[in-house]
Structure formats: C-alpha cells, structure tokens
Amino acid sequence: MQHAPGDAPASPASSTSASVDTHCPYCALQCGMTLRPTAADGRTGTDSGAETDSGVEVVERTAFPVNRGALCGKGRTAPALLSSRVRLTEPLVRRPDTGGLEPATWEEALDRVAEGLAATGRAHGPDAVGVFGGGGLTNEKAYALGKFARVVLGTSQIDYNGRFCMSSAAAAHQRAFGLDRGLPFPLADVSRTGCVILVGSNLAETMPPALRYLTELREAGGRLIVIDPRRTRTAEQADLHLAPRPGTDLALALGLLHLVVAEGRVDEEFIARRTAGWEEARAAAMAHWPELVERITGVPVPELRRAVSMFCDAENSMVLTARGPEQQSKGTDTVGAWINLCLATGRAGRPLSGYGCLTGQGNGQGGREHGQKADQLPGYRKLDDPAARAHVAGVWGVDPDALPGPGRSAYELLDALGGDVRGLLLMGSNPLVSAPRAAHIESRLRSLDFLAVADVVLSETAALADVVLPVAQWAEETGTTTNLEGRVILRRAAVSPPPGVRTDLAVLNGLAARLGWEKGFPADPEEVFDELRRASAGGPADYSGITYRRIAEEDGVFWPCPETAEAAGTDSEGAGSADRDAPGPEAADVTGSHPDTPAAGGASAPRPGTLHPGTPRLFLDRFATADGRARFVPVSHRPAAEEPDAEYPVLLTTGRVLSQYQSGAQTRRVAELNEAAPGPFVQLHPLLADRLGAAEGASLAVVSRRGRTVAPARISRDIRPDTVFMPFHWAGPGRANTVTNPALDPVSRMPEFKVCAVRVELAED
C-alpha cells in the first residue's frame, strides 16, 4: 500500500482571534454572516443564552446583499454543530470480531477504504465501485470527487443527492434556454418586478431571509400568486393562493397559457423575434381548456382567470418554481410549461422578468456544475461531448479515451447497490433518510460488499458503513459555493477542526496516493479552485475569471465569468445592448457578460481585454442556444405515476419545516431546533380526520405500496381534504420517504417525491 502526504493530519484550518466573514452552511441563499470569537467560558453572548464549545458565535453581516444581515434559526445556531459533543472526531472502522464500529487511526481507516475500493474494482470491474456525493459539498470538493471517481477509480458510477433537488428545472432550463442557472437574475430583482407566481415553494420556512423580497414586492405595489396544495406561511402572504391537487401543476400551467392565448395576451413580437417552436406549444396548450383544468386541478376557473390578469397586467412578471412542481415524474415538462408561459407573454430575456428556479441545497448549483453529476464534467460540460472530454482530460493530464462515459442517476445508482455496484464511497449525503422508497435503499446499502462514508456526524447512513471518516465542516475550512443566483461566494475558515478530523480534500488526497496517484489531488482548496477554473474555462459554467480575491472584494462573482472580456468574444450576431436603465443587483447596472460568451446568452459587452465583470443577468440580448432563440417545448398533462384508488385513496406530499434541514442529520443535533420541531407529523384536513376518527396528536399510519410510516396527527384546514403532508427530516418509524414513490422523470431522472397514493389509518398501540 502506498503512502503519501495525505497520511499526515491535514493542516488545521487557521484559528483566529478576530471576526471572520463567511456564509451559512445550509440552504442555497448562502446567507452572509460573521463568526466572532466567544468568551473562554463558552458562552456565545447571544440573546438566546445558548452555550457551545465551538469557540465562535454568529453575528449579523448586514453588508452581504443577499440576506442583508437576516438569518433564520438554523443559521444562527450553526456553531452548535462545531461542538465535539455532537460530531465525529476520530475515524471508525467495523471490526469483524464484534461487528461494531470502533475507533481507528487515520492510517488504518484510509488503508481500509483504499483497499476496499480497489478490491471491489479488481473483482468486479471499475463500474462495480460507486461514488455518491452531496449538494452541500463546496465546489472544490465536488470537483475533486468527480475527478477522483473518473481518474483514480475509473468508474462511471457517480452521482449526488442534488439529483433530488432541481434536476427537473435544470433539464427544462437546458431545453428552453440552452443553459441551466437557478436564477438568471439576482434575487434583488424579485422585489422590483410587478408580479411573481411562486410555484411549490414555502420560502417562509425553507429560506426565511428570502421572504423579505416578496414582502418588499408587495409593499411596492407588486402582486404575489402562490401555488401550493397547502396554505403555508408563504401562501398567507399572497394576493392569490391557488391550491391544486398534488401532481397537477402541469395542467395548471397549461390552463393559464390557454387563457393567455384566448384572451389575446400573447406577445407576438417577442415570440417572432426571440423564440422558436411556438405553434406546437400553442396547440398543446389549447387542448387544456379552463373547465378541464378545473376538473383536473380543483382550482376554479375564476381563480385561473384572475391569475392570468395579475400576471399579464403587470409590466414585468416572474415565475419562480421549487421542489413542488419539480419533484414529479413529469417535473421537466411541468417546469417547461411554466417557461412557455413566460415566453408566450414576453416575460423572459429582459430586465425584471423571467423564469427562475429556487435551488434548495447550499451548493446544489455548483455541485452539479463541476463533475459529481453522472453525465457532466467541470464547467457544466457534457461527458459525452468529445471536445469537452478532450479539454478536461488535458487539464487532468489523462487520455480522453480513459475517461468513463455517463453513469446512473442518483436513485438508479442507489437501487443498483449490492448488485452491479458492490462498493460505495459516500460523501456528504444521508440517503437512508433522504432517498425515496427508503426502506429498499436501506436494504441496498446493507447488501454492499464495502461502504465508506465521509461525514461530519454519524448519520443513519454512516452507521451502516465499514469505515467512517470524520471530516471538517463549513467554519473549519475554506472553499467556494454557488448560491441560487449563480453568485460564487467564499466560505472562510474561522476555527480549527478537532485534532482527529481532516478535510474532504485531505481524504481524497490520501486515498488517491494509496491508489497510485500521488499528484493531482491537492488538499489546499485554493489550489483545487485554480485547477477548477482551468477545467471550466470556455464551458457553459465558466469560472476562469473568478478568484478567491475577487470573490472577497466583490461579495461574490456571478458566473459565467471568463478570465477577460476578450475571452468572451466581441462580435456576436444578434447581440444588442442591455437595458441599462433597469435597477441592478445591489447598485450595479443590469449588464451581464458579453453576448458571445456561450453560457451568458447575451448582455452588453465589456471592453475587450478588460477584466470580465461576471454575469448577474442572463439572456438580455440572446439565449444560450445556437441561434440565440429560446425554445418552446410542447407539453401535455399526464397523471402522476401513482394515482389514488380504492386501496390507497389519499394523496401524500412531503416537504420541509422551518427548524430542520434535509435529512436532519445535522439539525437534529441542535437542541434549540429540536425544541421547535421535535419530530415528524401528519398534517390532514378536519374532514379526513373525522372520517378516520382521529383527534389532534393521535398516532396515524400512512401506508403506501412501498411501506408504512407512523407519526402524530396535526389537524389543519390549511391542507386539501384529499391530501396529507409529512416532513421528511426524520429516520425511524416516522420516516416519510419509506412510502414515497421512486418513479423517475424520463429526462431529469428526478424521483416523484411530491405525490403518491396512500391510505391513512389509526395506528395500533
């Protein structure tokens, strides 16, 4: 077994006696915050009076433009996760004699992982080794993990939990615009538009600091339409709340487009000048007349007409989607229908209007741009594109033909565990809780020949591993993430990790050395980022002009950002000037990068040879397609993969609550958050509760064709009578994903988390 510098403990993140500006470890807002040293006795000095041994406390960072100092409870209490009392501080290996996980040295742990992965590959071939990443990994870690899988392991079997986040929106973005970036404009533009249709998002609980933009929108005279089967905290803020039956968002969007056509609200000039494919999309929409859509969705025709009036009467309008319409087996088409609505009304490709997706995970955007997604190489290059393979292979110093092709998507990879895929390296994910049909995925994880997990805490998935590697987290290491706007930001180390903890980059360094690659996997994040810049150069997600220094000086840099304006080109057919009179992100103008930049899709050009400014707004002059035109995609409504029947007569939808995050592996370890949200529940309407004979707090079983979950009843008129809701943050008997449906979208391979058929019954004591 080879040894290398990675065998030595990673250099600790620099301790500091001064305050450090950084970012929250949770959602895609990536809120700015400052970490300030605490008193020696461990008291944080916060109003909550909480105590921690982390050595830092969170204080407001009002200068960062995204959250302007506002933080939710998760961000405010994030230092609690730095405590050695709640996290892993030494490697664990499973001992054959006891079958339990026991402490080990780093040398033994890394030797075990390297040999486990290598032995699996020798016995069954390189594709028998899988790699599963996470949407919370920094850009540097996501990049290094993808490179490690393809270069060191030679496997095509890599994907990440971001596939469960916005993959349907990404696919629809690509089809319509030729480029996928969550928001093609800064979040600040939301408060300046005239009308927002918010589809399947509960911002008030999932990313509370962003709610201020909707509040400011309405204070300025704008209108808010919220589409959600539940009357959430966000829906309570709306001028109009539409509550469709789960799984019918596609029909709803098509019904609105039908009315746009019927009422003569189509922007024919915009369609002729900047789009293609309208006639086919129009014909598909006209098959969804309002009365039919009312029968499918349950939304009354007058409300449909009112929504169209509010959206079209405003000078500028936006549609923002989240997991509600996306986590469906027709999620790509559903998002496509909302994009069609924007294109047909001319609400795209101009300031203060357009379609955008509210990314969920902290680095859900950057995580897929740089190589841990099954079909992509760094820079959002396609893995099956010979030119892309040649470019990235050149940066990596390998033969392009040696790179494997596209692999399985996330659920398909997890489903193959113990079969075609015999060994797995997992970083920053907890699929035992977060994957659909979770009991089945748990059995697949248990059937592996070898499982290694690198994580901050002993998650439910890590508890099944043969080797567990304790890794550093947000405040203990430096690295970049890309927020929901496409703004690349810099998290800075503020404290040292515990002595027994290493960074993910140091882990990959040590494993690569043991597997014959002593060079090419540095543990220094800035060195990795510099290589990422080269690998992304010229690609759709071009980061080559972004540096740590620029990020720090500019409060983040929007991609695409070639190294210079000259690199972006100067003579693009169809290029025009952006509207410089519109308000900019913060105090900037509305121009983006030069229209010749393939990813930028159009905006005014900086002077050739100057430093490229980044691209806060996309598509102002042209879209990122070959001819610069956006593509209408004809779509038609189809039922959910699993509709209610006599045996399973109720619809289940799932989501998040304010005080927990994703699989809960981290937030469930914070006392203050657990007090606010101590466990799962089943939200149901009083009419359904009466039929069941269920009182508030009664133990209810929710049963699907895949399993059974049990949680207390929470009775509310804020949900449809034919629907129940469960949050998905918990393991054990209340694990919501035990019953969810893994039916996949044919384009994005997104599972249908948001709708499945269940029966609800009183649980036996």
Side-chain angles (χ1 to χ4, degrees), residues 1-13 87-94 101-122 126 129-134 137-138 140-155 158 371-372 396-398 423-429 450-456 458 462 465-473 476-479 493 496-529 531-532:
M1 191 69 65
Q2 299 187 51
H3 296 264
D7 294 340
S11 298
R87 50 94 61 84
L88 294 165
T89 57
E90 56 187 345
L92 304 174
V93 299
R94 195 168 298 281
L101 286 171
E102 298 180 14
T105 65
W106 268 101
E107 287 67 29
E108 179 188 4
L110 290 174
D111 284 349
R112 286 275 297 269
V113 175
E115 179 55 31
L117 298 176
T120 301
R122 288 193 300 267
V129 181
V131 175
F132 199 86
L137 299 181
T138 63
E140 293 81 358
K141 291 191 265 187
Y143 172 84
L145 186 62
K147 180 181 177 182
F148 178 83
R150 295 182 173 104
V151 172
V152 177
L153 300 178
T155 182
I158 175 172
Q372 63 175 335
W396 289 349
V398 300
L424 183 69
L425 172 64
L426 187 148
M427 282 188 164
S429 186
F450 181 78
L451 172 62
V453 174
D455 210 334
V456 173
L458 189 66
D466 297 288
V467 181
V468 182
L469 303 174
V471 292
Q473 54 179 308
E476 300 165 344
E477 58 183 355
T478 294
S496 298
V501 171
R502 296 186 183 182
T503 68
D504 291 284
L505 293 178
V507 167
L508 293 174
N509 173 284
L511 292 177
R514 285 165 168 78
L515 294 169
W517 292 80
E518 296 198 19
K519 294 183 178 180
F521 292 88
D524 178 72
E526 190 165 7
E527 188 176 347
V528 176
F529 189 75
E531 183 179 303
L532 180 159

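We use all heavy atoms of the structure for the numbers below, so side chains are in, but hydrogens, waters and symmetry mates are not.
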Can you check side-chain contact (heavy atoms from CB on, under 4.5 Å) on L110 and R502, steps first, answer last?
CA-CA 12 Å; L110 290 174; R502 296 186 183 182; 3.7 Å; yes

Show, in sequence, the C-alpha distance, side-chain angles and deciding distance for V453 and M427, and conclude whether the side-chain contact (heavy atoms from CB on, under 4.5 Å) test is met.
CA-CA 6 Å; V453 174; M427 282 188 164; over 6 Å; no

Intermediate values then yes/no, side-chain contact (heavy atoms from CB on, under 4.5 Å), V467 and L92:
CA-CA 6 Å; V467 181; L92 304 174; over 6 Å; no

Can you check salt bridge (charged side-chain N to carboxylate O under 4.0 Å, His left out) on R94 and E108, steps first, answer last?
CA-CA 11 Å; R94 195 168 298 281; E108 179 188 4; over 6 Å; no

Taking it one step at a time, do L88 and V456 satisfy side-chain contact (heavy atoms from CB on, under 4.5 Å)?
CA-CA 6 Å; L88 294 165; V456 173; over 6 Å; no

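Look at R112 and D466 and you find no salt bridge, because none of the NZ, NE, NH1 or NH2 atoms lies under 4.0 Å from a carboxylate O. With respect to the salt-bridge test (charged N to carboxylate O, under 4.0 angstrom), the residues E477 and K141 qualify. With respect to the salt-bridge test (charged N to carboxylate O, under 4.0 angstrom), the residues E115 and R122 qualify.
Taking every heavy atom of both residues into account, V129 and G121 meet most closely at CG2-N, 3.7 Å. Minimum interatomic distance between P498 and R87 (heavy atoms only, all atoms of both residues): CD-NH1, 3.6 Å. Residues L101 and A462 come closest through the heavy atom pair CD1-O, 4.0 Å. For the pair L505 and A144, the tightest heavy-atom approach, listed with the atom from each and the gap, is CD2-CB, 3.8 Å. Of all heavy-atom pairs between L153 and P126, the closest is O-CB, 3.6 Å. Closest of all the heavy-atom pairs between A512 and V152 is CB-CG2, 4.2 Å.
A distance of 8.5 Å separates CG in L424 from CG in L117, rounded to the nearest 0.5 Å. A distance of 6.0 Å separates CG in L425 from CZ in F148, rounded to the nearest 0.5 Å. Between L145 atom CG and E140 atom CD the span is 13.0 Å, to the nearest 0.5 Å. Atoms CG and CD, from D504 and Q473 in turn, are 11.0 Å apart once rounded to the nearest 0.5 Å. Atoms CZ and CG, on F521 and N509 in that order, are 9.5 Å from each other to the nearest 0.5 Å.
The main-chain N or O of G134 is found under 3.5 Å from a side-chain atom of Q372 such that the two form a donor-acceptor pair. Distance alone, capped at 3.5 Å, places no donor-acceptor pair between the T89 side chain and the G500 backbone. A distance-only check finds a donor-acceptor pair linking the side chain of D524 to the backbone of E527 [under 3.5 Å]. In this structure a side-chain-to-backbone donor-acceptor pair under 3.5 Å is present from R150 to G371. Side-chain atoms of T478 come within 3.5 Å of backbone atoms of A493 as a donor-acceptor pair (strictly under, hydrogens ignored).
Remark: E531 pairs with Y143, K147 by the side chain to side chain donor-acceptor pair (under 3.5 Å) rule, at least two apart or across chains.
Within the 4.5 Å cutoff, no side-chain heavy atoms of P91 are placed close to those of P103. In this structure, the side chains of D455 and V468 stay at 4.5 Å or more apart for every pair of heavy atoms.
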